[in-house]
Asker: 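Input: one structure, supplied below.
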Amino acid sequence: MSTILTFLTRRRGHGGRWHWTDVASWVWLIGGTVLMFGPALWLISSSLKDPAQLAEFPPTLLPYVQQTAAVEGHDTPLPLFTVTMEDGSTRDLAQVRRIGANAQMVDPGDPDAQISVRIADRTPVRDVGIAHGNYTDPFLHFDFFVYLRNSVFVTFFATILTLFTNSMAAFALSKYRFRGRDAVLLVIVGTLMVPLSVILVPLYSVVSRVGLLDSLWGVILPTIATPTGVFLLRQYMLTIPDDLLEAARMDHASEWQIYWRIILPLTAPALAVLAIFSVVWRWNDFLWPLVVLSRRELYTLQIGLNTYAGELNVQWHYILSMTVVTMIPVVLVFVFLQRFITTGIAGAGVK
Amino acid sequence: MENEIAQVKATAAPEGSDRRLRRLRDRLGPLLRQVVLLPLVLISRAIDPVMRLIQAKAGTGGMIAVFLIPNMAIFGIFVIIPIILNFVYSFTGGAEILLDQRAWVGGQQYERLTDCQNYLDPLSCREDLFWRAAHNTFFFVLFQVSLMVSVSMITALILNRNMAGRGFFRAVFFFPVLLSPVVVGLIWRWILQREGLLNLIVTNFGAERVVWLNDRFYAFAAAIGVSTWAHMGFFTLILLAGLQAIPKDLYEAAEMDATPPARVFWRITLPLLGPNLAVVLVLALIRGVQIFDEAYVLTGGGPGTATMFMTQYIYEVGFASLLRNPGLAAAASILMGAVLVVLTLMQLGLSRRAEKARER
Amino acid sequence: MGSITLKDIRKSFGGVHVIHGVDLTIEKGELVVFVGPSGCGKSTLLRLIAGLDKPSSGAIEIDGRDVTRAGAADRGLAMVFQSYALYPHMTVRQNLSFGLENTRMPRSEIAARVADAARMLEIEELLERRPTQLSGGQRQRVAIGRAIVRDPTAFLLDEPLSNLDAELRGTMRAELSALHDRLATTMIYVTHDQVEAMTLADRIVVLRKGRVEQVDTPLNLYNRPANRFVAGFIGAPNMNFFPAVAEGGQAALPGGVQVAVAASGPVSFGIRPQHLRLAAPGEAGIPARVTLVEALGAETVLHARSDGDTDVLVVLEGQPELQRGQELALAFDVEHLHAFDAQGQRID
Amino acid sequence: MKKVFLGASVLALVAGTAAAQTQTPVRVMWYSDGVEGAVMADILSRFEAENPDINVILDNVAFQVIQEQLPVQLASGTGPDIARVTNLKAQADHWLDLRPYVADPAYWEANFGDRFDWMRPDGSDAIPGFMTQLTLVGGFANATLFEQAGIELPGPGASWDDWIEASRQVAEDQGLPAAFSIDRSGHRVAGPLAAYGETFIGDDGLPAPLSDDAMEFITRLVDWTGQGLMLPDTWVSAAGTTYRAAADDFTNALIPFYYSGSWQVANLSTKIGDAFDWVATGSPCGPVGCTGMAGGAGLVGIRYTQNPEAVARVMDYLASEEVVREFTERTLFLPAHAGIVAEGGLNFQSDDPNVPPALSRFVEASGETLPATDALPAWRWANSVYGALVTRISQAMAGELTLEQARALIDRDIADQVEAAR
């Protein structure tokens, strides 16, 4: 125990005193943890609430369900309330019906005597519980597995192709000198600044002209030549010594082999970072697939869950629950690969 | 003999009880790797002779083309051509969506956008919403980039200290980067709305409920805060990488010189962090100007038009509203792109000059 | 097998001339060392031979075949890089066999060659390790091994020992020498270290600013440097030079020593520190004042200044009693004196 | 290797669709506000069972797709075979004329004919489709809150001022944040504007400049927001034409009065449950009348379909009286079928005692609409007017514009739209 304590309270500097910066750092980090994770936890908790509870204020931290009691003489279980009686005492009563501002209540232990209570004097008895319908209904009505398959297909092929094409281009741009290289680089970096929503209409007409509308490849192809990827990989490849390439050339390796057998394996950390980002990006893509895909059997999860957004109403309970479901892979990536990602970016990001 | 045993013990000891597990992993690892890599190996066997042939025929120059073509072809079709088309769109008028049905109007859209009596007063402009969006975007970028860079810097400095759980906290701050912007906007709207979590907390402390997203100041601050929340982890990591690359002995030397910590930061850390800081600034700037999804979901541009940013304006005018005007949207995006390019070039130029100055 | 001929090789990088017309023939089985100060073009020349760079003009022949335009892989050469350039993601074995696999050699043959090379270099236990798990000397061996397995027409070695510490460098130098004797293959060895050059080379090529200054055996270079540059570059500590003016076949050194020389006008005389000695009483010598005494035990290095402000180095045997500020005269035998004309060319 | 994999996945896709190849495919693009997608899927599966030669594929999409993407598809001459659309008039050129294909055009004329002008170009006699539901804009009141505050619900003929005053008293008594709210939508305020005398359409059929009558109501609306009577969250907290509903604030009993429309009935029923009693109030009155706005979503055939006969068969089935009746009863929508309306006796499937009276109140209110509002659904420029109203009124509410500026900008925005489209 004490070792844990000393581990946790280990700080920089010498001697045993806490410097004010240590305190400030810990406050910052712990505050940051609450701020970073809190909202996601809130989303999960909200996704377990039924529609009525979602709209409720004050919101509860945890999802609750109304307690009911089976009362003799009534076919269905009745909702339970804690009622403040006129003498100030409180009793748990079941509600038979409500008429306007008054409720007909009954004591489950004494089902014959009905009591009239003002509704302001009663509060529902609730227990922590889950509105599992939020999760089960979409799985029944919503082509979850079709959407999942499409999302996986898009994510997988987009990532593979991104890695391939970007690394090849980055190789050419980092390890060869040729006329126009700087121009190509400038164009690539320049387009970093063009957000998709801005060229939506022209891009749509291009994709439509190429015949990729309503096709998963129409979602995949426009995303794979990412300037970010080329840039990231090129920066990393610049750090690979040219000696290795020359050694390989002396070793009878063709240029393709140099790329394939020397450069690619050595770029692995940067490729991993790009792969993870690509997976997250493609998995989360919303606007573009929404524009390209209009057939249900081609929908990705993000588009699928948006079908709960109607013209006049949004079915938040379903959207929230499906959002949580679509977050699972991302969270898994995070949990299992976070060390890889964080150190990878640190290593590959900027050199 | 005894020596050898001692050696074996010494190497085995730290592995402790999971030695068998590790041995299994050592044996399984390569096997797994071979299985995973098998398709790649097969692909390479198939591609290699073709590539050798190309290299023999076309030489190294040909190979450069082979490496560049897939990326550049896709890039050309799906990025460059749309950008060019967008440029063409900006010279056409009407509500039609497809280019071939649209009428050529020359510079009319640009005239309409830049028709202003006073550029600082959007209401005096022909296209007042465009200028409101421009103003909002300008202030957003100004505040958001400064906030994000400072917060990322503080976090990176703290994470660079030698303290327990560094890896964990590094991950914590990175987590939101993985969420989709739509989800980010949704979560925070859920928290900031009238019946949201924040008001629950506020009322628990006895304060009045505030309708955060109805207040110009709070809504704007929320847009800044939320986008900082969502992206700071990425920038923190870049800065952290830079911090860790600064040789430790510089700090030791500074300590020997009894340099006060603030001075160490300004005179050692910051200058040596220069390249990373430049990358962070450029990327943050680009992202700031492009702010869309999370802010759109969060505030919808309100209250009034207080958080309506450039990209939202373009998206709504050009695509989302029932009354679309693609030509106007295209012209607006071209103007925005021009500003971005100028800003980035200025930024790069400045940092390059600073770098040169330092080298001298 | 293994003769290399360079014909008027020139190389410029974007207007900067790096190699100005080099003609050179390397006989088969020879170990030739390119030596020169940094920036003299020795590495560039090696890369031109290797095929990693292409000369701007001139021709390269290997065994009489013109390979000027041939790629690096097609010249049958092997190279050891200064940085070793071992593939960090491959084991030693994979590093050694990579080049052979590229030539579609049968697996058994590859295995046999790798085993041979590993045995020869005593790196058999390291075969399954990766380069990062090796010490500097071990990496060096692997880099050489990678060249050996290829059984090349010639080895090209680019400052292969410069990353090693002094002791290891000595050992490796000896091993390389032994290796050359055993393999009897042509080797071109680039170094800026004249000791390496002297100890290893059959012939040394001294380069300066992209030009060949002299090509000869180590001892000839030492004994008969073709010009002042070579004289100053070869031999440690550096040769001392004294300016003089020749008139009527005679020139006077400081202290009035007259020397016969077949020239007239400004000349300079060089003498190696080892060839100077303290003048016997009455003997004519160059007067100098001691500025520093470095006693190394077996020998003593004397820094002195003659009149005319020329610094002089003297290597004396043993541990003579000398003090800073002491005035003395330095004597020498005339046959050790090298004379150079105003252009720095040797005068015999 | 990769090729094999690709090939396999292509094969799988082809195999998946091969079974459907012998059937005529009919694609329906559909969006849902509630359960109607599930109901429609159910009805269509019965249709398929009866018509094995037709394969109906129901694409349940987000409303955003209908609004943003379908127009682009239509412009390029593609799209589904049938779509559920709200923006009916502006895209009327793209709808298929079903007249030559349906079994009995007279049945269509008789039962849906009144609304054909909403969805066909002016002067055409086409049968483009039918309304899946009618909607009527109108108010809801939280009867329980009114009762607790001891305030009478304003009766029929009560004016907007009466309603806001009564709601204000309830809000004050019950400590509520605001008295009422209206959905953020131009369509929602068009009714009240008409009730104050606005007619929208000029003599030339083009939008007329905003009248003083309209400004009368807009002024009130902005004042009410300024005084905190109208919940600012809905209108102020968004920009542009973004749609925002205040339904959650009403279900959460934050406002005693909510002006929305008949489509909310099902939603309110599920979310409010037993928490309080609520009633539909119809539209409060202005000087000219007590009108709401009719509207709704239409199901239309798309001109670019390959199989107009199959489309017509699907449409015939869906428009048949019994299917419309079932759909209406299960979705709690207002029916758009003249025969059903005349016959009445709809058996709405809800246990909630608040639902039937609310629905009948809306049916009743649909007789109270003014000609000015009745003309709007069939008017090409209605969306331009709605968009300009929302954008500028909410800016005025947020204090970014004065009323005069807002008026000028509304007129200018509409003129720009007309200009751009000509």
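Every heavy atom of this structure was used, including side-chain atoms; hydrogens, water molecules and symmetry mates were not. Sequence lines set the chain letters: A, B, ... in the order given, protein chains first and strands last, and positions in each chain run from 1.
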Asker: For F169(B), which atoms come within 4.5 Å of any heavy atom of chain A: side chain, backbone, both, or neither?
Answerer: side chain
Asker: Would you mind checking which part of R209(A) comes under 4.5 Å of any heavy atom in chain B, side chain (CB onward), backbone (N, CA, C, O), both or neither?
Answerer: side chain
Asker: How many angstroms lie between atom CG of L173(A) and atom CE of M237(A), to the nearest 0.5 angstrom?
Answerer: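 Here the rounded value is 9.5 Å.
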Asker: If you round to the nearest 0.5 Å, how far is CG of L301(A) from CE of M322(A)?
Answerer: 8.5 Å
Asker: Is any residue of residues 65-78 of chain B within less than 4.5 Å of chain A by heavy atoms, and which ones?
Answerer: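 Answer by number: V66(B), F67(B), L68(B), P70(B), N71(B), M72(B), I74(B), F75(B), I77(B), F78(B).
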Asker: Is S25(A) close to chain B through its backbone or its side chain, or both, or neither, when contacts mean heavy atoms under 4.5 Å?
Answerer: both
Asker: Any residues in residues 285-294 of chain B near chain A, with a heavy-atom distance under 4.5 Å, and which are they?
Answerer: I286(B), Q290(B), F292(B)
Asker: Is I188(A) in contact with chain B via its backbone, its side chain, both, or neither, using a 4.5 Å heavy-atom distance?
Answerer: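 Both backbone and side chain.
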Asker: Which one, L99(B), I154(B), V182(B), leads in non-hydrogen pairs under 4.5 Å with chain A?
Answerer: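 Heavy-atom pairs under 4.5 Å are most numerous for I154(B).
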Asker: Among I80(B), T60(B), I81(B), which residue has the highest count of heavy-atom pairs closer than 4.5 Å to chain A?
Answerer: T60(B)
Asker: Tell me, for L29(A) versus chain B, whether the close heavy atoms (under 4.5 Å) come from the side chain, the backbone, both or neither.
Answerer: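 Both parts, backbone and side chain.
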Asker: Give every donor-acceptor pair under 3.5 Å between a side-chain atom in residues 222-231 of chain A and any protein atom, sequence neighbours left out.
Answerer:
from: T223(A); atom 1: OG1; to: I220(A); atom 2: O; distance (Å): 2.6
from: T226(A); atom 1: OG1; to: N166(A); atom 2: ND2; distance (Å): 2.9
from: T226(A); atom 1: OG1; to: G229(A); atom 2: N; distance (Å): 3.2

Asker: Pick from I54(B), I314(B), N86(B): which one has the most heavy-atom pairs with chain A under 4.5 Å?
Answerer: N86(B)
Asker: Nearest 0.5 Å, please: how far is CD in Q101(B) from OG1 in T92(B)?
Answerer: 11.5 Å
Asker: Tell me, please, which residues at least two apart from R181(A) pass side-chain hydrogen bond (donor to acceptor under 3.5 Å, both in side chains).
Answerer: none
Asker: Any idea which of W229(B), F173(B), Y315(B) has the most non-hydrogen atom pairs under 4.5 angstrom with chain A?
Answerer: W229(B)
Asker: Check each atom of T33(A) against the heavy atoms of chain B and say whether the ones under 4.5 Å are side chain, backbone, both or neither.
Answerer: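 For T33(A), the contact with chain B is made by backbone and side chain together.
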Asker: Please check this pair: side chain of D48(B) against backbone of Q257(A), looking for a donor-acceptor N/O pair closer than 3.5 Å.
Answerer: no
Asker: Is there a donor in the side chain of W28(A) and an acceptor in the side chain of T155(B), or the other way round, less than 3.5 Å apart?
Answerer: yes
Asker: Just give me the residue among V50(B), V79(B), I83(B) that pairs up with chain A most often, heavy atom to heavy atom, under 4.5 Å.
Answerer: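 The residue among V50(B), V79(B), I83(B) with the greatest pair count is I83(B).
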Asker: Less than 6.0 angstrom separating the ring centers of W260(A) and F171(A), yes or no?
Answerer: no
Asker: Can you tell me which portion of L212(A) sits under 4.5 Å from chain B's heavy atoms? Options are side chain, backbone, both or neither.
Answerer: side chain
